S.K.: 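Submitted below is the structure of interest, expressed as structure tokens.
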Amino acid sequence: MPVSTFLVPSHLMLQLLTAAAPAPAPQAAPALPVAERLVGAALTEGHAWTRLAELTDGVGARLSGSEGAAAAVQWALRSFKADGVKAWLEPVKVPHWVRGEERAELLGSERFRGRPLSVMALGGSGATPPEGVTGEVVEVRSLEELGALGERVKGRIVLFNHIMQKPEDYGRFASLRSRGPAAAAKAGAVAALVRSLATASLATPHTGATRFEEGDPRIAAASVTVEDAELLSRLVAAGGPVRVKLVLGCQELPDADSFNVVAEVKGREKPQEVVLLGAHLDSWDVGTGAHDDGAGVVMVMEAARLLAKQRPAPRRTVRVVLFMNEENGLRGARAYAEAHAAELPRHVAALELDSGGGRPVGVVLRAGAGAAEKVRPWLSPLRTVGAGALMEGEAGGADLIPLMPARVPFFGLRQDASRYFDVHHTHADTLDKVDPVALAQSTAAVTWLAYAMAEMPELLPRPEVPTPSAGH
Ligand SMILES: [Zn+2]
């Protein structure tokens, strides 16, 4: 079915917007005709979806350092130019990790028959010797449990198990993947298996980054499916040894040259003040990163295209940054903050879209006291797409972390992410999982939000510098 079938005809937009909007607040009246143009175009033209198809089906997977990532950079630059948006590349050195052979086997015993396990190396994992490593499985459910095992981890394969069920659990258990394998290695483990961070599983392993510090032993670390984690857990609980053989052939190649792609719509009155719209251009090497973060990329690109056509231009400059290497290093985010350090005090608002292509549900902020009152009058045009409410919770994004010391205010679009972790970091993160209507609605919302931030008469108050313990 053609995408346009789903979308709202533009002649209905003004009616919808007018019907939904109360009398605008006197000091900050957002111009309804502008809202109609921006929101209407995002909802009706289907341009973000077309771009997402180019990026996912055309360019494909784009892990940092890969040919796909290089192709994505050129695609983005070309696309901005085709859209009439000024764009350029800013260099960044990125890690270049590559996946190799990967297989695992549950070795049979007198209690159970052996069988293959479905595994996927975690980004940053070390390799096994070609013949693999074999060890007895020891299960832990937290880093504290691992610490308590002490000597008993030596020579073992540590299974990091957990009970992720809903999207909000991701933050709760992600450190098992990011820090568990390194901690297991230090304790003498020969390999680590991490239960996939997933809200659903059809025997699907989910990859993701794991971190080894310089000089740490770098063992093989792989994700296992929810089903296999449950199986291993049951067999271990039943007593008696459970042995697994793991073969991983991944490699860390020398750092590669890459780029952040930056684009800009100059402000009419205060061009030196920057509203930053971010998303990350890299993806994992499996699937095509449709939700993570192709959707974010095409939404901020579309916001730039529509704002570039807006006359008069918004008061401030809107800058789009497609960060490289969010997934396994944040090098692009750090490179941007360093290269633009001098102008960060004039970054007046920043957003990152990195929660997939779901429908918009509301707006969040991370700013100083009084920000909500300044923003609220600008949200009425978002009611037509269901995102007119200012919500609890803080705006943020991994690529925005390096902007925090400069006290850059953040704004964010909350989206429906209820299915996001079903396919996150898997072979199944593909275009068919993205709903064109939801993508268009979120595109409309972010386009209007960007306009509002760039046009509001007053600036958002800047937040406090986070205390050191609040990071990561
Ligand atoms: Zn992401």
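From a predicted model like this one, the values you see are computed outputs, not experimental measurements. The first residue of the sequence shown is numbered 1, and numbering continues consecutively from there. Indexing begins at 1, ligand by ligand and atom by atom, following the structure's order.
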S.K.: I'd like to know if R195 pairs up with E230 as an ion pair, taking the criterion as any Lys NZ or Arg NE/NH1/NH2 lying under 4.0 Å from an Asp or Glu carboxylate oxygen.
M.R.: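 Counted as a salt bridge, because a side-chain N and a carboxylate O are separated by less than 4.0 Å.
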S.K.: What N/O/S atom of D292 gets nearest to the Zn ion (ligand 1)?
M.R.: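 The nearest such atom is OD1.
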S.K.: So which of the N, O or S atoms of D354 lies nearest the Zn ion (ligand 1)?
M.R.: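 Atom name of the closest N, O or S in D354: OD1.
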S.K.: Under 2.8 Å from the Zn ion (ligand 1) - does any N, O or S atom of E326 fall there?
M.R.: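 Not a single backbone or side-chain N, O or S atom of E326 is under 2.8 Å from the Zn ion (ligand 1).
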S.K.: Considering only N, O or S atoms, which atom of H280 is nearest to the Zn ion (ligand 1)?
M.R.: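 Of all N, O or S atoms belonging to H280, NE2 is the one nearest the Zn ion (ligand 1).
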S.K.: Tell me, yes or no, whether the heavy-atom count around E67 atom CD, taken from other residues, nucleotides or ligands under 6.0 Å, exceeds 12.
M.R.: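 No, because the 6.0 Å sphere around CD of E67 holds 12 heavy atoms or fewer from other groups.
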S.K.: Are side-chain N/O atoms of D292 and H280 paired as donor and acceptor at under 3.5 Å?
M.R.: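 Yes.
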S.K.: Counting backbone and side chain alike, does D293 bring an N/O/S atom below 2.8 Å of the Zn ion (ligand 1)?
M.R.: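 False for D293.
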S.K.: What do you reckon, are the aromatic ring centroids of Y170 and H424 less than 6.0 Å apart?
M.R.: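 For Y170 and H424, the ring centres are under 6.0 Å apart.
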S.K.: Just checking, any donor-acceptor pair under 3.5 angstrom between side chains of E273 and H347?
M.R.: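 E273 vs H347: no donor-acceptor pair found between side chains.
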